[in-house]
Amino acid sequence: MRVSLNASCPFNLDATLCCGQVFRWDRHDGWWYGVTGESVLKIRQIGDVLEFDNANTDFVKSYFGLKESLPEILSQISKDEHIKNAVDAFNGLRIIHQDPWECLISYICATYKNISAIRKMLFNISVKFGEKIRYEKYDFYTFPTSERLAKANIVELEDCGLGYRAKHLLATAKMVYNSKFDFEHLKQLSYEKAKEKLLNFSGVGLKVADCALLFSLEKFEAFPVDVWVKRAILKHYSSHFTKEFAEKISGKSLTKPEYEQLSFFGRSYFGKYAGYAQEYLYHYERMNH
DNA sequence: CAAGTGCCTTTATC
DNA sequence: AGATAAAGGCACT
């Protein structure tokens, strides 16, 4: 399948898959392979042409956020020179519409880990608890269902390299499975209400909730603040805070009120697409630190 | 090479 | 309410 992207629909597949929002995509021979739902999606971008196999066009457009008007979003968040530089560097980076269950579990695993470690944990979980799919010459695994993870035992999960995250993952899987939790319903709630619901899960604090809201529940005002975003804010937006506050939060992890303050700054300064600004700042900071 | 640091933080306990 | 310590393990220096 081929789709031509016109000038009003900028897209950068590599940046979108490399910027650390998703963890289960791999590149082989110039093509990206990832499991979405029950099947493997194979995709590459040559110039303004998107080529893919094993998926329909509507799904691809919706998964990669191609239905949002990126030029409109980028013009809304381009409030200053620094964000404009980040946007220019990675123009076409889009927020992926991930599966909410997989996204929540991924970011529970992500606490206090780096991206390569997160990828390993999620790979291990998928191999052990997911279904194998053979596609071309590679093996892939579906992301395990809440039922499968709810029925796992804690040692099996720890063996996936999860450490203390194993108990949070298990507790959340049990809550989701036993209550038949409806993630789709969260999309209809306000950012605040949906966040409140997510915070009830074990292993889900402000940062993890913001990631799930932004990357899978279409709450584009969510502004997750991790160490990289904190650094970017201190470097380029410190004038929005007192000198004492900036000094206090540098070089240590954030307390709850400190997190709230930074995240609130992001939402009010960048507006309703603050999450896009966050992702450009995050990626730009990581690539240029 | 050993040891230290950092990692897309949350929770339990004061 | 708000601060503090503890919680895998691995990659990188």
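Being a predicted model, the structure only gives us computed values, none of them experimental. Lettering of chains follows the sequences in order, A, B, ..., and the numbering in each one begins at 1.
No contact: A:Tyr259 has no heavy atom under 4.0 Å from any strand. Within 4.0 Å (heavy atoms only), A:Gln21 reaches at least one base atom of the nucleic acid. Across all strands shown, A:Cys160 has no heavy atoms under 4.0 Å from either base or sugar-phosphate atoms. The residue A:Phe215 sits apart from the nucleic acid: no heavy atom pair falls under 4.0 Å. Using a 4.0 Å heavy-atom criterion, one finds that A:Val225 contacts no nucleic acid atom at all. A:Glu279 comes within 4.0 angstrom of a nucleotide base, judged by non-hydrogen atoms across all strands. Using a 4.0 Å heavy-atom criterion, one finds that A:Gly161 contacts no nucleic acid atom at all. The residue A:Ile118 sits apart from the nucleic acid: no heavy atom pair falls under 4.0 Å.
Residue A:Lys252 contributes atom NZ, which lies 16 Å from atom C1' of B:dG6 at whole-angstrom precision. Taking atom CG on A:Leu162 and atom C1' on B:dT10, their separation rounds to 15 Å, with Å as the unit. At whole-Å resolution of the value, CG in A:Leu199 and P in B:dT10 are 9 Å apart.
A salt bridge does not link A:Lys230 to A:Glu258: none of the charged nitrogens lies less than 4.0 Å from a carboxylate oxygen. A salt bridge is absent between A:Glu279 and A:Arg94: the closest approach of a Lys/Arg side-chain nitrogen to an acidic carboxylate oxygen does not fall below 4.0 angstrom.
The gap from the P atom of C:dC10 to that of B:dT10 amounts to 22 Å, rounded to the nearest Å. Atom name P, nucleotides C:dA6 and B:dC8: the rounded distance is 23 Å, in whole Å.
When each of A:Ser116 and A:Thr111 is assigned the nucleotide of DNA chain C bearing its nearest heavy atom, the one mapping closer to the 5' terminus is A:Thr111. Heavy-atom distances to DNA chain B give each of A:His168 and A:Gln278 a nearest nucleotide, and the one nearer the 5′ end belongs to A:Gln278.
Counting distance only, with no hydrogens placed and no angle test, the side-chain atoms of A:Lys207 and the base atoms of B:dC8 include a donor-acceptor pair under 3.5 Å.
Each of A:Phe143, A:Phe215, A:Tyr107 was evaluated against A:Phe23; a single residue qualifies, A:Tyr107, per the ring pair (Phe, Tyr, Trp, His ring centres under 6.0 Å) test.
Between A:Lys256 and B:dT11 there is no side-chain polar atom (N or O) within less than 4.0 angstrom of OP1 or OP2. When the side-chain nitrogen and oxygen atoms of A:Lys248 are compared with OP1 and OP2 of C:dA3, one or more of them lie within a distance under 4.0 Å. Look at A:Arg231 and you'll find a side-chain N or O under 4.0 angstrom from OP1 or OP2 of B:dC7. In terms of phosphate contacts, A:Arg286 brings a side-chain nitrogen or oxygen within less than 4.0 Å of OP1 or OP2 of B:dC8.
For C:dG8, the O4'-C1' to base torsion is within 90° of 0; the nucleotide is therefore syn.
As the counterpart of B:dG6, C:dC10 is assigned, both hydrogen-bonding distances of the Watson-Crick or G-U wobble pattern falling under 3.5 Å.
Between the side chain of A:Glu51 and the backbone N or O of A:Gln45 there is no donor-acceptor pair closer than 3.5 Å.
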Practice item. In sequence, state the C-alpha distance, the side-chain angles, and the governing distance for A:Thr145 and A:Tyr177, and then conclude on side-chain contact (heavy atoms from CB on, under 4.5 Å). Key: CA-CA 9 Å; A:Thr145 61; A:Tyr177 177 62; over 6 Å; no
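Using a 4.5 Å heavy-atom threshold, the side chains of A:Leu170 and A:Asn153 count as separate.
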